[in-house]
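One structure below.
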Amino acid sequence: MHGTAPLVPGLRSFLAAWIVVTGWVVGGKQGQAQALEYGLIVEGVGAYEDGLPFWLHANRQGLLGRGTGTMPSGLARLHARYATAPGPRLRFAAGAELAARAGGTGETLHFHRLYGQARYGAFTLTAGRLPHTAGLVDSTLSLGSMVLSPNATPVPAVSLAFDYIPILVLPGKTELIHAKGYFSHGWLEGDRFVRGAFLHGKYLYLRGLGPADFPVLAYAGINHYVIWGGTHPDLGRLPSGFRDFVDVVLARAGDRGRAPGGEVVNALGNTVASYDFGLTVRLPHLHLTAYRQFFIDTSTAARFRNPWDGLWGLSLQWPGRDRLIRKLLWEHVSSKRQGSRYDAGEPDGADNYYNNFLYRGGWTYYGRTLGLPLFFPDPAGERPGVVNNIVVAHHLGLEGRIARRFAYRSLFTYSRNYGARDNCGDDGCFGEPTLLTPRRDQVSWLFELRGPLSPTLDLLAAVAVDAGDVYPTRAGLLLGLSWRPGPPQAR
């Protein structure tokens, strides 16, 4: 079931113990700051024609599947979070969100979030299932990061992260360079081509030119994520030991005796990575941010052999919470070349992004792409991996407030889609370098509105439309209510 993700069995007892111990350690102490938040979100969604429009299911953390037929679906989410601060720099938190879905594609019930956290200063240790995005992109309007986006259900993981901390301080305590980082080990679902694979992730970013309130800030970083380990249906258990973990972390090739693939020695696992660069300029009445992701799928791409592909972004933000137009975003995605040698007559898509000759399930989790949602698996499930990864797209995002009461956002995406290299043919996977489809153009649009109906109740409403050759012409509607105790300004 697309978007349905129960907890990985081996983590259930660990996560439960983590949250119980966290509550026991901090729950009974006196004189410390404590907070309990909880609430309920109920949504109904339906579509005219087969399936939900793109922007009603994309980048929604796998909560809504693509759907089949025109049968309406209902979604209810009960969530709670407890946080406490025993000291000025020490904080603990534990949270859960139980999601129930009915109608449309069937009934599901799973923990969409279940986690515990311990934070000291700038460092945070997290265990469990919690949304996570890797890459310099706009948090509300973006198409998503090419490496890891909010398109799929969060992957259960244990992670250690630190926020921006100064690493270069000039005389006079002027902070010139800051760094932030992330390191994680996650567990993918068992029901995939390579069962029980792991997801390794890490990133490191540098921020330069001054402290956070400096008017000009430059960013540079690298993201490195790898699907590795697990049990292959033909080759058996793939390299999964500590030495293999070190090889994965360092992006090293495995030993010839341990790495599958005969005499071909590659870095272990299915790697997806990016180089990220960004610049923010804060003027008195306008904030401008530009960013660029260079996508890395092979070792040659890591040496900037494929600079044409990637994601460009430009964001304009006008300070002020109640403006009619608060933020405008433009993004451009290109993934046509993929390292193809045009001089040798190779067609587009040589690197076959998000796909791998061993990990044929591709860069997916429970049937949804972990990265950019424009790259998608076969909806019919007849072919493994990602069947649309040769894409050129332009994307516009707009957000603001209407009558100071209702917040809105609007997304408009135009894409040209060329399918992918044939993932499995008569001569096996990664056979003849042919494209699955000719060019198919697609337009997807969303308008979403949120606002308070009372001090404890918010309205959620969205309408979306698809038109083109990738998805049939269709329209969909989402209506929901969000209840949480406390005044709106406290939320």
> At their closest point, which heavy atom of Ala290 faces which heavy atom of Leu314, and how far apart are they?
Replying inline: CB-CD1, 4.1 Å

> Given the side-chain rings of Phe295 and Tyr353, with only the six-membered ring counted for Trp, is the space between their centroids under 6.0 Å?
Replying inline: yes

> Hey, are Arg401 and Asp322 close enough for a salt bridge, meaning a charged N less than 4.0 Å from a carboxylate O?
Replying inline: yes

> Val272 and Asp297: side chain to side chain contact (heavy atoms under 4.5 Å, CB included), yes or no, with the steps?
Replying inline: CA-CA 5 Å; Val272 168; Asp297 195 63; 4.2 Å; yes

> Is the side chain of Trp330 donor-acceptor paired with the backbone N or O of Gly397 at a distance under 3.5 Å, no angle test?
Replying inline: no

> Does Arg292 count as lying over the ring of Phe294, i.e. NZ or CZ under 6.0 Å from the six-ring centre, within 45 degrees of the axis?
Replying inline: yes

> If we ignore angles and hydrogens, is there a donor and acceptor under 3.5 Å between the side chains of Ser444 and Thr413?
Replying inline: no

> In Å, rounded to the nearest 0.5 Å, how long is the span from CG of Leu199 to OG of Ser184?
Replying inline: 6.0 Å

>> Rounded at 0.5 Å granularity, tell me how far CG in Leu316 sits from CG in Leu329.
In response: 9.0 Å

> Between Arg450 and Glu43, is a salt bridge (charged side-chain N to carboxylate O under 4.0 Å, His left out) present by the stated rule, with each step listed?
Replying inline: CA-CA 13 Å; Arg450 296 172 178 262; Glu43 297 173 334; 5.3 Å; no

>> Is it the case that the side chain of Arg409 and the backbone of Phe447 share a donor-acceptor pair, with hydrogens and angles ignored and the cut-off at 3.5 Å?
In response: no

>> Are the side chains of Glu331 and Ser142 in contact, using a 4.5 Å heavy-atom criterion?
In response: yes

> Which value, rounded to the nearest 0.5 Å, describes the distance between His110 atom NE2 and Tyr366 atom OH?
Replying inline: 9.5 Å

>> Quick one about Lys202 and His200 (side-chain donor to acceptor, distance below 3.5 Å, no hydrogens or angles considered), yes or no?
In response: yes

> Minimum heavy-atom separation for Arg77 to Glu97, with atom names?
Replying inline: CD-OE2, 3.3 Å

>> The test is side chain to side chain contact (heavy atoms under 4.5 Å, CB included); show your working for Leu279 and Val216 and say whether it passes.
In response: CA-CA 7 Å; Leu279 181 70; Val216 179; 4.0 Å; yes

> In terms of side-chain geometry, is the basic nitrogen of Glu189 or Arg368 positioned less than 4.0 Å from the acidic oxygen of its partner?
Replying inline: no

> Quick check, are the ring centers of His57 and Trp55 under 6.0 angstrom apart?
Replying inline: no

>> Taking the basic N atoms (NZ, or NE/NH1/NH2) and the acidic carboxylate oxygens, is any pair closer than 4.0 Å for Lys327 and Asp138?
In response: yes

>> Please check: side-chain N/O of Gln442 versus main-chain N/O of Ala467, any donor-acceptor pairing under 3.5 Å?
In response: yes

> What distance do Leu52 atom CG and Leu64 atom CG have between them, rounded to the nearest 0.5 Å?
Replying inline: 6.5 Å

> Does the side chain of Thr126 pick up a donor-acceptor pair with the side chain of Gln117 at under 3.5 Å?
Replying inline: yes

> Okay, side chain of Arg195, backbone of Gly230: is any donor-acceptor separation there less than 3.5 Å?
Replying inline: no

> Are side-chain heavy atoms of Arg416 and Ile390 found at a separation under 4.5 Å?
Replying inline: no

> Below 4.5 Å, heavy atoms only, C-beta onward: do Thr364 and Tyr354 meet side chain to side chain?
Replying inline: no

> Which heavy atom in His224 sits nearest to a heavy atom in Val248, and how many Å separate them?
Replying inline: CE1-O, 3.3 Å

>> Regarding Ser274 and Asn223, do their side chains bring together a donor and an acceptor under 3.5 Å, going by distance alone?
In response: yes

> Which residues satisfy the ring-ring contact (aromatic ring centres under 6.0 Å, His included) test with Phe193, sequence neighbours excluded?
Replying inline: His232

> So, Tyr408 side chain and Leu324 main chain: donor-acceptor pair closer than 3.5 Å or not?
Replying inline: yes

> Is the number of heavy atoms from other residues, nucleotides or ligands under 6.0 Å of Tyr120 OH greater than 12?
Replying inline: no

> Could you walk me through whether Tyr291 and Leu311 pass the side chain to side chain contact (heavy atoms under 4.5 Å, CB included) check?
Replying inline: CA-CA 8 Å; Tyr291 49 87; Leu311 182 147; 3.5 Å; yes

> Looking only at heavy atoms, which two atoms of Ala393 and Leu374 are closest? And how far apart?
Replying inline: CB-CD1, 3.6 Å

> Would you call Trp318 and Arg326 a side-chain contact if the rule is heavy atoms closer than 4.5 Å?
Replying inline: no

> Is there side-chain contact between Ile227 and Phe198, with at least one heavy-atom pair below 4.5 Å?
Replying inline: no

>> Could you measure the distance from the OH atom of Tyr219 to the NE2 atom of His178? Nearest 0.5 Å is fine.
In response: 10.5 Å

>> Between Phe375 and Val391, is there a side-chain heavy-atom distance shorter than 4.5 Å?
In response: yes

> Heavy-atom distance under 4.5 Å between the side chains of Asp441 and Ser415, does that happen here?
Replying inline: no

> Ion pair present between Arg474 and Asp466, side-chain N to carboxylate O less than 4.0 angstrom?
Replying inline: yes

> So which heavy atom on Pro150 is nearest to which on Thr133, and how close?
Replying inline: CD-OG1, 3.8 Å

> What do the steps show when you test Gln61 against Thr153 for side chain to side chain contact (heavy atoms under 4.5 Å, CB included), and what is the final call?
Replying inline: CA-CA 5 Å; Gln61 300 171 10; Thr153 301; over 6 Å; no

> Just by distance, with hydrogens left out, do Thr140 and Glu399 show a side-chain donor and acceptor under 3.5 Å apart?
Replying inline: yes

>> Main chain of Leu141, side chain of His395: is a donor-acceptor contact present, judged purely on distance under 3.5 Å?
In response: yes

> Any sub-3.5 Å donor-acceptor pair from Arg192's side-chain atoms to Gly362's backbone N or O?
Replying inline: yes

Donor-acceptor pairs are to be reported for all side-chain atoms of residues 155-170 against protein atoms at under 3.5 Å, with residues two or more places apart or in another chain.
{"residue": "Asp163", "atom": "OD2", "partner": "Arg119", "partner atom": "NH1", "Å": "3.3"}
{"residue": "Asp163", "atom": "OD2", "partner": "Arg119", "partner atom": "NH2", "Å": "2.4"}

> In Å and rounded to the nearest 0.5 Å, what is the CG to CG distance from Leu286 to Leu288?
Replying inline: 6.0 Å

>> What I want to check is whether the side chains of Trp445 and Ser410 have a donor and an acceptor closer together than 3.5 Å.
In response: yes

>> Under a plain distance cut-off of 3.5 Å, with no hydrogens placed, do Asp276 and Tyr203 share a side-chain donor-acceptor pair?
In response: no

> When you check the side-chain N and O atoms of Arg440 and Asn417, is any donor under 3.5 Å from an acceptor?
Replying inline: no

>> With ring pair (Phe, Tyr, Trp, His ring centres under 6.0 Å) as the criterion, how do Tyr182 and His132 come out once you've worked through the C-alpha distance, each side chain's angles and the decisive distance to 0.1 Å?
In response: CA-CA 11 Å; Tyr182 175 86; His132 167 66; 4.0 Å; yes

>> Tell me the closest heavy-atom pair linking Ala134 and Val147, and the distance in Å.
In response: O-CB, 4.2 Å

> Does Leu370 reach the side chain of Asn151, with side-chain heavy atoms less than 4.5 Å apart?
Replying inline: no

